[in-house]
Amino acid sequence: MHDTHEIVVNGVPVRVRVDPEPERADRLSLWPSVGEYPIYDPFLYTTMTTDEERNKRFRTALAHLAPGKRVLDLGTGQDVVWAREAVAAGARQVVAVEVIPDSFRQAAANLTAYRLEDQVTLVRGESTAVDFAPKADICVAEIVGSLASAEGAAVVLGDAKRRHLVPGGVVVPHRAVTQAAPVCLADLFAKQPVAFSAAALTYLQAIFDWSGKPFDVRLRIENASPDALLSESTTVEELDFNGDMRARQRTTTRMTITREGRIDGVLTWLQLWCLPDDAPLDALRMKTNWASIYFPLFQAPVPVTPGAELELTFVVTIGDDGVHPDYQLSGTLRTTDGREHVGTLTSAHHGGPFRAQPIYQHLFPVT
Ligand SMILES: C[S@@+](CC[C@H](N)C(=O)[O-])C[C@H]1O[C@@H](n2cnc3c(N)ncnc32)[C@H](O)[C@@H]1O
């Protein structure tokens, strides 16, 4: 049914359950969420630069906003993709910043290859630690996660608006939200083992090496079907990049179960607007580089019938690096027979517990 592989983190072996089948479009793939860690490589960059569902929205926004303007491409990545689009759109000046040293070096080589080194100024470093003059009119930054805020967009773009943009400057994207709805993981994976894709092992290793120890990574599920949801979805966090942006948020919502099934957690996913009047990108319903994130809440699946209610509190705080959020979820499931089931989860960006929930004990077996 599944294989067990061993990776070694800081000299300590960690066993990982792996799906023996290769990734396919008609199967789910389970990965750790990767975007919030400095482990980008050519494969991850390519999944983004070939994501047309995403790229057409950013391209349209830049074509509309960039002509004649000073543009800052924050987190340009190895492919300097928005810097190139800004030049193509007729920007007056383009500055691109990248924090990962290897990505910066590759970005510099790509600018030379595209003969854009005179039109784009490339800066190495973290945007929160560098200064730019003159200030930009437009800041384009694709630092949005499968959980909207996971890559630190609220803190980083809050800083960019204060220090790098002229008053009235515009951020692209315009808005991002995280949606949530109850699901049962075992039912989502009814036709295949609950196990990481073999291709994800490299990234688990990179995240654990970066962190110095294993921890309960966020579970990224590709190709999840909206049919798995047991209620309408609800918004659990909102980032209005051109409005009142809150890095810390607390949202409590109630979802009424609409069909018979089982619940052990919630599925969350991104909706993204690059311009205010866009039709949003919906990462659950469209094929993009973003996927959904599953959060376990209950120790075992709880059977439900229509009319049951899940009250979910979703809290976003900022972790100890001052940029990346930690999430706390608490759920109270009231079934129609009058019983109450309570579950909680803390999902730290790094350094949280390891094997704290049954799903993580399953994915990282001890023997
Ligand atoms: C999701 S990737 C996007 C890459 C590229 N802009 C694209 O859209 O295809 C985010 C990139 O932003 C970089 N990054 C994130 N936060 C940053 C910051 N505060 N300053 C500079 N670079 C940052 C990361 O290292 C990574 O290369």
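For ligands, and for the atoms within them, numbers begin at 1 and follow the listed sequence. Remember, it's a predicted structure, so these values are computed and weren't measured experimentally.
- Considering each of E142, R54, R124, the one bringing a non-hydrogen atom nearest atom 9 (O) of ligand 1 is R54.
- The heavy atom nearest to atom 21 (C) of ligand 1, out of those in A129, G35, G125, P38, is found in G125.
- The residue S103 has no part lying near ligand 1, judged by heavy-atom distances below 4.0 Å.
- When the heavy-atom distances from atom 5 (C) of ligand 1 to T49, T47, T76 are ranked, the shortest goes to T76.
- Between E151 and ligand 1, no N or O atom pair is found at a separation short of 3.5 Å.
- Looking at Q78 and S103, their side chains never bring a donor and an acceptor atom within 3.5 Å of each other.
- Near E126, meaning under 4.0 Å from one of its heavy atoms, ligand 1 places the atoms 19 (N), 20 (N).
- Shown in contact with V156 at under 4.0 Å from a heavy atom are these atoms of ligand 1, numbered in order with element: 19 (N).
- The residues E238 and R175 are annotated as salt-bridged, a charged nitrogen and a carboxylate oxygen being separated by less than 4.0 angstrom.
- E311 and R334 are joined by a salt bridge, as a carboxylate oxygen and a charged side-chain nitrogen come within less than 4.0 angstrom of each other.
- Short contacts between ligand 1 and I100, defined as distances under 4.0 Å to a heavy atom of the residue, involve ligand atoms 25 (O).
- Comment: R59 engages E52 in a salt bridge, judged by a side-chain N to carboxylate O separation of less than 4.0 angstrom.
- Side chains of W290 and E222: a donor-acceptor N/O pair is absent below 3.5 angstrom, by distance only.
- In summary, R54 and E142 engage in a salt bridge, as defined by a charged side-chain N under 4.0 Å from a carboxylate O.
- At a 4.0 Å heavy-atom cut-off, ligand 1 touches Y45 through the side chain alone.
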